[in-house]
Amino acid sequence: MVDQVESKNTITVEVAFALLHKQRIIELDVPVGTTAKDAVAQSNIAAQFPEHDVLNADVGIFGKSVKADTVLNAGDRVEIYRPLIVDPKEVRKRRAEEAKAKRLAEKEQEKSKA
């Protein structure tokens, strides 16, 4: 009967962090009421990625960004997000400029052939 009481007071969640060539998903049982930040700390995943500040990183649950103090539900997967190296808006802007320059160069080549 003790096992049943304990299982009602805990939930199973996962904590995930990924780099290009190294990923970890840690399953753990936590008390009901545990927050995303608490789960990250309890998973001890920071020890596996000492070069990253995973304890203070942004987090999400199944791809949706959430606050660190979000209370978890059974089966949730807390995902630890790495900071962006490049602003996605800047990347899109640069690609658009490069495409425009390429089109102009192609037009100039066509004019010189004519």
Side-chain angles (χ1 to χ4, degrees):
M1 178 129 177
V2 173
D3 289 339
Q4 291 176 344
V5 173
E6 287 179 4
S7 67
K8 289 183 183 179
N9 294 324
T10 62
I11 57 173
T12 301
V13 297
E14 294 178 334
V15 175
F17 184 67
L19 299 174
L20 187 58
H21 299 288
K22 181 179 178 182
Q23 303 85 30
R24 292 291 180 269
I25 298 176
I26 299 171
E27 185 177 291
L28 64 152
D29 293 326
V30 296
V32 171
T34 296
T35 65
K37 184 173 184 161
D38 294 338
V40 171
Q42 291 175 35
S43 73
N44 201 28
I45 201 165
Q48 297 180 37
F49 297 93
E51 66 279 7
H52 296 276
D53 187 13
V54 298
L55 296 176
N56 295 306
D58 291 336
V59 294
I61 297 174
F62 291 116
K64 182 179 178 189
S65 184
V66 298
K67 293 182 179 182
D69 63 355
T70 299
V71 176
L72 301 176
N73 295 306
D76 280 351
R77 181 181 63 227
V78 178
E79 299 163 345
I80 303 166
Y81 299 136
R82 293 176 284 140
L84 295 176
I85 295 171
V86 181
D87 182 357
K89 290 180 184 178
E90 288 299 317
V91 171
R92 286 192 296 273
K93 182 179 176 182
R94 186 171 21 104
R95 284 184 188 153
E97 290 170 354
E98 289 171 358
K100 183 177 179 181
K102 183 178 177 183
R103 285 192 306 272
L104 289 174
E106 288 172 353
K107 283 184 181 181
E108 290 298 319
Q109 278 185 339
E110 288 176 15
K111 284 182 184 179
S112 66
K113 289 181 182 178

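- Take Asp38 and apply the side chain to side chain donor-acceptor pair (under 3.5 Å) test, not counting sequence neighbours, and it matches Thr35.
- Between Ala39 and Leu28, the shortest heavy-atom contact is O-CD1, 4.2 Å.
- Scored by the side chain to side chain donor-acceptor pair (under 3.5 Å) test, Asn44 finds no partners at all (sequence neighbours excluded).
- Within the structure, ring-ring contact (aromatic ring centres under 6.0 Å, His included) contacts touching residues 50-88 (residues at least two apart or in different chains) are Phe17-His52.
- Counting non-hydrogen atoms of neighbouring residues, nucleotides and ligands closer than 6.0 angstrom, the NZ atom of Lys22 exceeds 12 such neighbours.
- Contact check for Gln42 versus Val13: no side-chain heavy atoms found under the 4.5 Å cut-off.
- In this view, Gln48 and Arg24 satisfy the side chain to side chain donor-acceptor pair (under 3.5 Å) rule, not counting sequence neighbours.
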Show, in sequence, the C-alpha distance, side-chain angles and deciding distance for Val59 and Lys37, and conclude whether the side chain to side chain contact (heavy atoms under 4.5 Å, CB included) test is met. CA-CA 8 Å; Val59 294; Lys37 184 173 184 161; over 6 Å; no
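- When every heavy atom of Ile45 is checked against every heavy atom of Ala16, the shortest pair comes out as CD1-C, 4.3 Å.
- Here the shortest heavy-atom pairing between Ser43 and Ile26 reads O-CD1, 3.7 Å.
- The two residues Ala18 and Gln23 make their nearest non-hydrogen contact at CB-CG, 3.5 Å.
- Atom CG of Leu72 sits about 11.5 Å away from atom OG1 of Thr12, to the nearest 0.5 Å.
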Steps toward side chain to side chain contact (heavy atoms under 4.5 Å, CB included) verdict (Ile11, Thr34): CA-CA 9 Å; Ile11 57 173; Thr34 296; 5.7 Å; no
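- By the rule that hydrophobic residues join a cluster once side-chain heavy atoms approach within less than 4.5 Å of another member, Val71 and Val30 end up as members of separate clusters.
- Among residues two or more places apart in sequence or in another chain, the side chain to side chain donor-acceptor pair (under 3.5 Å) test is passed with Ser65 by none.
- Not one N or O on the side chain of Glu79 forms a donor-acceptor pair closer than 3.5 Å with the backbone of Gly60.
- Note: the hydrophobic cluster containing Ile61 does not contain Ile25 (ILVMFWY, side chain heavy atoms under 4.5 Å, direct or indirect links).
- Residue pairs satisfying the ring-ring contact (aromatic ring centres under 6.0 Å, His included) criterion with at least one member in residues 82-101, sequence neighbours excluded, are absent.
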